[in-house]
Amino acid sequence: MKKIFLAFLFCLISVHVFAQVSEADKINNEYYGLKWGCSVKDLKAKYPEAYSNGTNDNGDELYYLDTNGATRIFFFGNGKLYIGRIAYTDCTDEKVMGLMKKITNTYGKFDDSNKGSQNGNEYINFIKYFSPKIEIDFQLLSVKNSYGYNISQVVMITYTNNELSAQIARERISKMQEDLEL
């Protein structure tokens, strides 16, 4: 009887341990509680307060959700969620360091980095290739005034589903080819 109880207990514990999905592994399947590839309708059902902000240069539909001092941005290409971003504005140095520490503690050290400037503002990118499917980009943007002084820091953390991104790109190319005349 004791052996049966111990075997049952071992099975129960094993199932419980393997059933738990770490916070980091969730990003392979979903962004902020939404499955990758879901529709705008799914977003509106889960977050009715999300609002449209038009489209970007790629034709992605952009939806914004303001949460706890940050803005989440959902990118829908061909009607499918394939990029999620969270943007923090007016970040102190301490907040930037806290965000970097949290992201590296959750997903591991960054694999690559680059820096540059755009429109007179400086940026630093840190990239994590979390899995073959997911890429995480941590971007720190230093916004400067006309005299070249930093006036604020913005952090954007972007999660891209590379499989869906490639699929959407193929669909867009195919559609574009249909519209071309030779």
Side-chain angles (χ1 to χ4, degrees), residues 19-91 99-100 102-104 106-108 110-114 116 118-119 121 123-141 143 153-182:
Q20 292 180 349
V21 176
S22 75
E23 197 63 35
D25 289 333
K26 282 183 184 178
I27 199 67
N28 281 314
N29 301 312
E30 64 183 49
Y31 172 72
Y32 203 58
L34 293 168
K35 297 280 184 202
W36 291 114
C38 74
S39 68
V40 172
K41 185 178 175 183
D42 296 325
L43 169 72
K44 295 300 279 177
K46 185 160 181 93
Y47 302 110
E49 64 277 20
Y51 56 95
S52 173
N53 201 9
T55 60
N56 63 10
D57 292 341
N58 294 327
D60 298 330
E61 294 177 74
L62 303 178
Y63 281 83
Y64 285 59
L65 179 65
D66 298 320
T67 60
N68 300 332
T71 301
R72 290 195 180 268
I73 307 166
F74 303 86
F75 293 70
F76 290 87
N78 296 351
K80 295 176 268 204
L81 175 66
Y82 78 107
I83 297 175
R85 176 178 291 157
I86 185 164
Y88 298 90
T89 57
D90 295 327
C91 289
L99 288 167
M100 284 191 94
K102 184 169 184 173
I103 203 165
T104 54
T106 304
Y107 300 111
F110 293 102
D111 300 313
D112 197 3
S113 66
N114 59 56
Q118 183 177 10
N119 300 326
N121 301 313
Y123 66 85
I124 302 174
N125 282 338
F126 297 97
I127 301 166
K128 173 67 180 171
Y129 304 106
F130 181 68
S131 68
K133 188 181 202 179
I134 302 297
E135 179 179 311
I136 303 168
D137 182 7
F138 183 101
Q139 184 178 63
L140 171 61
L141 177 67
V143 180
Q153 295 184 114
V154 175
V155 171
M156 291 184 288
I157 304 169
T158 305
Y159 302 87
T160 303
N161 184 308
N162 291 325
E163 290 176 355
L164 282 170
S165 182
Q167 176 190 347
I168 290 165
R170 285 190 301 272
E171 290 170 0
R172 287 178 175 163
I173 290 169
S174 178
K175 173 73 173 120
M176 190 180 301
Q177 287 175 333
E178 290 173 10
D179 296 340
L180 293 176
E181 292 184 29
L182 296 177

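- Trp36 places a side-chain N or O within 3.5 Å of a backbone atom of Ile27 that can act as its donor or acceptor partner.
- For Thr158, the side chain to side chain donor-acceptor pair (under 3.5 Å) partners two or more places apart in sequence, or in a different chain, are Arg85.
- One distance of note links CD1 of Ile136 with OH of Tyr129; it measures 11.5 Å at 0.5 Å rounding.
- Residues that satisfy the side chain to side chain donor-acceptor pair (under 3.5 Å) test with Lys133, not counting sequence neighbours, are absent from this structure.
- For Tyr123, there are no ring pair (Phe, Tyr, Trp, His ring centres under 6.0 Å) partners at least two apart in sequence or on another chain.
- In this structure, the separation between OG on Ser113 and CD1 on Ile124 is 8.5 Å, given to the nearest 0.5 Å.
- Side-chain contact between Phe130 and Tyr159: absent, with no pair of heavy atoms (C-beta onward) separated by less than 4.5 Å.
- The NZ atom of Lys46 sits 10.0 Å away from atom SG of Cys38, with the distance rounded to the nearest 0.5 Å.
- Not counting sequence neighbours, Asp112 has no partner by the side chain to side chain donor-acceptor pair (under 3.5 Å) test.
- With a 4.5 Å cut-off on side-chain heavy atoms, Phe74 and Tyr31 count as touching.
- Considering only residues two or more places apart in sequence or on other chains, Asp137 meets the salt bridge (Lys or Arg N to Asp or Glu O under 4.0 Å) condition with none of them.
- Proximity of a side-chain donor or acceptor of Asn58 to a complementary backbone N or O of Asp60 within less than 3.5 Å is not detected.
- For Asp111, the salt bridge (Lys or Arg N to Asp or Glu O under 4.0 Å) test picks out Lys128, with sequence neighbours left out.
- Listed by chain and number, the residues in a side chain to side chain donor-acceptor pair (under 3.5 Å) with Ser52 amount to none (sequence neighbours excluded).
- In Leu180, the CG atom is crowded: over 12 heavy atoms of neighbouring residues, nucleotides or ligands sit closer than 6.0 Å.
- With sequence neighbours excluded, the residues forming a side chain to side chain contact (heavy atoms under 4.5 Å, CB included) with Leu140 are Val96, Gln153, Val155, listed by chain and number.
- Shown here are the salt bridge (Lys or Arg N to Asp or Glu O under 4.0 Å) partners of Lys175, two or more places apart in sequence or in another chain: Asp179.
- The structure places CG of Asn78 at 9.5 Å from CD of Glu61, a figure rounded to the nearest 0.5 Å.
- Using a cut-off of 4.0 Å between Lys/Arg side-chain N and Asp/Glu carboxylate O, Lys80 and Asp42 are scored as not salt-bridged.
- Gln139 contributes atom CD, which lies 4.0 Å from atom CE of Met156 (distance to the nearest 0.5 angstrom).
- Under the side chain to side chain contact (heavy atoms under 4.5 Å, CB included) criterion, Thr104 pairs with Phe110, sequence neighbours left out.
- Residues Ala50 and Leu65 approach most closely at N-CD1, 3.9 Å, considering heavy atoms.
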Please tabulate, one pair per line, all N/O donor-acceptor pairs under 3.5 Å involving side-chain atoms of residues 161-170, not counting sequence neighbours.
residue : atom : partner : partner atom : Å
Asn161  : OD1  : Glu163  : N            : 3.2
Asn161  : OD1  : Leu164  : N            : 3.0
Gln167  : NE2  : Glu171  : OE2          : 3.1

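- Side-chain contact between Tyr32 and Thr67: present, with at least one pair of heavy atoms (C-beta onward) separated by less than 4.5 Å.
- When side chains are defined from C-beta on, Leu43 counts as touching Phe76, because their heavy atoms get closer than 4.5 Å.
- The neighbour count for Asn114 CG, taken as heavy atoms of other residues, nucleotides or ligands under 6.0 Å away, is above 12.
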Can Tyr63 and Val40 be said to form a side chain to side chain contact (heavy atoms under 4.5 Å, CB included), step by step? CA-CA 8 Å; Tyr63 281 83; Val40 172; 3.4 Å; yes

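- In this structure Tyr64 satisfies the side chain to side chain contact (heavy atoms under 4.5 Å, CB included) test together with Tyr51, Asn53, Leu62, Thr71, Ile73, sequence neighbours excluded.
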